[in-house]
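Take a look at the structure below.
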Amino acid sequence: MHQYRYIVKYGTPPSFGAPSVYHAVIVIFLEFFAWGLLTAPTLVVLHETFPKHTFLMNGLIQGVKGLLSFLSAPLIGALSDVWGRKSFLLLTVFFTCAPIPLMKISPWWYFAVISVSGVFAVTFSVVFAYVADITQEHERSMAYGLVSATFAASLVTSPAIGAYLGRVYGDGLVVVLASAIAMLDICFILVAVPESLPEKMRPASWGAPISWEQADPFASLRKVGQDSTVLLICITVFLSYLPEAGQYSSFFLYLRQIMGFSPESVAAFIAVLGLLSIVAQTVVLSLLMRSIGNKNTILLGLGFQILQLAWYGFGSEPWMMWAAGALAAMSSITFPAISALVSRTAEPDQQGVGQGMVTGIRGLCNGLGPALYGFIFYIFHVEYGKCEPFFISSSPQSSIIPGPPFLFGACSVLLALLVALFIPEQPHLGLRPGSWKKHSSPHGHPHSLRLPGEAKEPLLQDSNV
């Protein structure tokens, strides 16, 4: 009887029971555990493949991937509303993990496929849409938190495991193990993951039209100027997330090649930073929101980010990187606080528009930030084994900046802090959803992949990984 009800609702026989958040959690864990294993081997192969311009090429590779993800995410979201989530979970996981076995076969092809895989590197977005299909609105924030915590847990352990296995048995075994885990994830989706989108929510024909406005990645960005408060929030997000996206793409490479961290030390750094970030985004964020308010929490997070980036920029010793990492964990409270500000101040029928703007700005930064950081590293000739000093004065006591991109990032976040000071304490977002809101889901389904939750934006995005 249960199976009959399931077929009537979803149109397909159940795989392993009805769809649940735990299916999404397992998919995310396996995918990013596989990639986490490759953290140390990837840094080595990247330098061996591009010995003269390691940071520049890393920035270009990650920048192209991020930009392609930004451009393709709305289209994949609209298509998943038509064809269901399971097929696109399979598609995104397959193409995201496709480069893994190429690391030992052909490094050039490995990095080329990583770049173009950005077209499908939106697993998180599909997973959040999957979760939205099967949860009530009041359950969604907790479900998103579980998915995000699973992602963090996978990266807390996997880099250390990969570094240990690479040192003892060689990187070849690590690549084979990561490929096997990626295949396990694909098989799990094929065999065990049920479809979450009910049959009645899908169109009668697979050829149903999809409007360009749905697939347009710039649709939400064009609405930024409609309200002064929205404009201030979006400028704050852009100026603060642009350096963060660049930092994510290059910092572990910087630790390995410039600061002299061993693969084990890099893995330990990732683990500690991940654990501290989990604490910051849960316990600390909750306490700050209750005690000092939403806007002051944003300002405090931006302040921590400025100190962190400045310390990265001026730091010349490993212990300085560890100390700045603690500040980096505290700065992770900024974007959840911004998302909460938008969700608390927008009208109920304007939540998607507000969150869509923040998500669109961040997606754009995921393409621009890595390329910008790589270009700044290239300008100042920061490469493996050498760093051309950049002097901020000509006196004998001149200070040397080992990491110029991080100092640039600190200046950008300082501007973001100044802009955020003008955000009202109790803003009212006067957005006009208009036709964009009406067409956010082509067939009346409210869980379009562009807007995975009405109440709160997910804390993590694909390209941040």
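Every value quoted in this text rests on a predicted model; they were computed, and no experiment measured them.
Scanning all heavy atoms of the two residues, the minimum distance from Ile181 to Leu37 falls at CD1-CD1, 3.7 Å. Residues Ile26 and Asp185 share a closest heavy-atom pair of O-OD1, 4.3 Å. Summarising the geometry of Ile134 relative to Ser20, their closest heavy-atom pair is CD1-C, 3.2 Å, with the distance given to 0.1 Å. Here the closest non-hydrogen pair linking Ala163 and Ala267 is CB-CB, 4.4 Å. When all heavy atoms are compared, the tightest approach of Cys97 to Ala182 is CB-CB, 3.6 Å. Considering every non-hydrogen atom in both Phe32 and Ser154, the closest pair reads CB-OG, 3.5 Å.
Looking only at side-chain heavy atoms (C-beta outward), Leu300 and Asn296 stay at 4.5 Å or farther from each other. When side chains are defined from C-beta on, Pro243 counts as touching Leu309, because their heavy atoms get closer than 4.5 Å. The shortest side-chain heavy-atom distance between Arg256 and Pro263 falls under the 4.5 Å cut-off. The shortest side-chain heavy-atom distance between Ile423 and Ile298 does not fall under the 4.5 Å cut-off. At least one side-chain heavy atom of Phe111 sits under 4.5 Å from a side-chain heavy atom of Val45. A heavy-atom distance below 4.5 Å is not found between the side chains of Thr42 and Phe252. The shortest side-chain heavy-atom distance between Pro41 and Met103 falls under the 4.5 Å cut-off. Within the 4.5 Å cutoff, side-chain heavy atoms of Phe55 are placed close to those of Leu253.
The closest donor-acceptor contact from the side chain of Ser412 to the backbone of Leu239 lies under 3.5 Å. A donor-acceptor contact shorter than 3.5 Å is absent between the side chain of Lys65 and the backbone of Ile114. Using modelled atom types, one side-chain atom of Gln305 and one backbone atom of Ser240 make a donor-acceptor pair closer than 3.5 Å. Judged purely by atom type and a 3.5 angstrom limit, Ser117 has no side-chain atom pairing as donor or acceptor with the backbone of Thr96. For Glu264 (side chain) and Tyr164 (main-chain N/O), no donor-acceptor pair under 3.5 Å exists by modelled atom type. With hydrogens and angles ignored, the 3.5 Å screen pairs a side-chain donor or acceptor of Asn294 with a backbone N or O of Ala337. In this structure, the side chain of Asn58 does not engage the main chain of Gly374 through any donor-acceptor pair within 3.5 Å.
Separating the CG atom in Leu302 from the CD1 atom in Ile338 is a distance of 6.0 Å, to the nearest 0.5 Å. Between the CD1 atom in Ile189 and the CG atom in Leu90 there is a gap of 5.5 Å [rounded to 0.5 Å]. Rounding to the nearest 0.5 Å places CG of Leu60 at 10.0 Å from OG of Ser249. Thr150 OG1 to Ile28 CD1: the interatomic distance, rounded to the nearest 0.5 Å, is 8.5 Å. For the atom pair Ile270 CD1 and Leu273 CG, the distance stands at 8.5 Å (nearest 0.5 Å). Annotation: the span from Ile361 atom CD1 to Asn366 atom CG amounts to 11.5 Å, rounded to 0.5 Å.
Residues Ser262 and Ser265 have side chains that bring a donor and an acceptor to within less than 3.5 angstrom of each other. Gln308 and Tyr312 are not linked by any side-chain donor-acceptor pair at a separation below 3.5 angstrom, with hydrogens and angles left out of the test.
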(Q) Run Phe95 and Val116 through side-chain contact (heavy atoms from CB on, under 4.5 Å) and show every step you take. (A) CA-CA 9 Å; Phe95 281 100; Val116 298; over 6 Å; no

Q: Verify side-chain contact (heavy atoms from CB on, under 4.5 Å) between Phe188 and Val193, making sure each step is shown before the conclusion.
A: CA-CA 7 Å; Phe188 176 77; Val193 175; 3.4 Å; yes

Q: Assess whether side-chain contact (heavy atoms from CB on, under 4.5 Å) is satisfied between Phe88 and Tyr130, documenting all intermediate values.
A: CA-CA 10 Å; Phe88 282 90; Tyr130 187 98; over 6 Å; no

Q: Show the numbers, then the answer: is there a side-chain contact (heavy atoms from CB on, under 4.5 Å) between Leu421 and Leu418?
A: CA-CA 5 Å; Leu421 289 172; Leu418 296 176; 4.2 Å; yes

Q. Under the ring pair (Phe, Tyr, Trp, His ring centres under 6.0 Å) criterion, do Phe269 and Phe251 qualify, and how do the steps go?
A. CA-CA 11 Å; Phe269 188 96; Phe251 185 64; 5.6 Å; yes

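For the pairing with Phe406, the ring-ring contact (aromatic ring centres under 6.0 Å, His included) check across Trp311, Phe380, Phe314, Tyr373 returns one residue only, Tyr373.
Sparse packing is recorded around CE of Met183, with 12 or fewer heavy atoms of other residues, nucleotides or ligands lying under 6.0 Å away.
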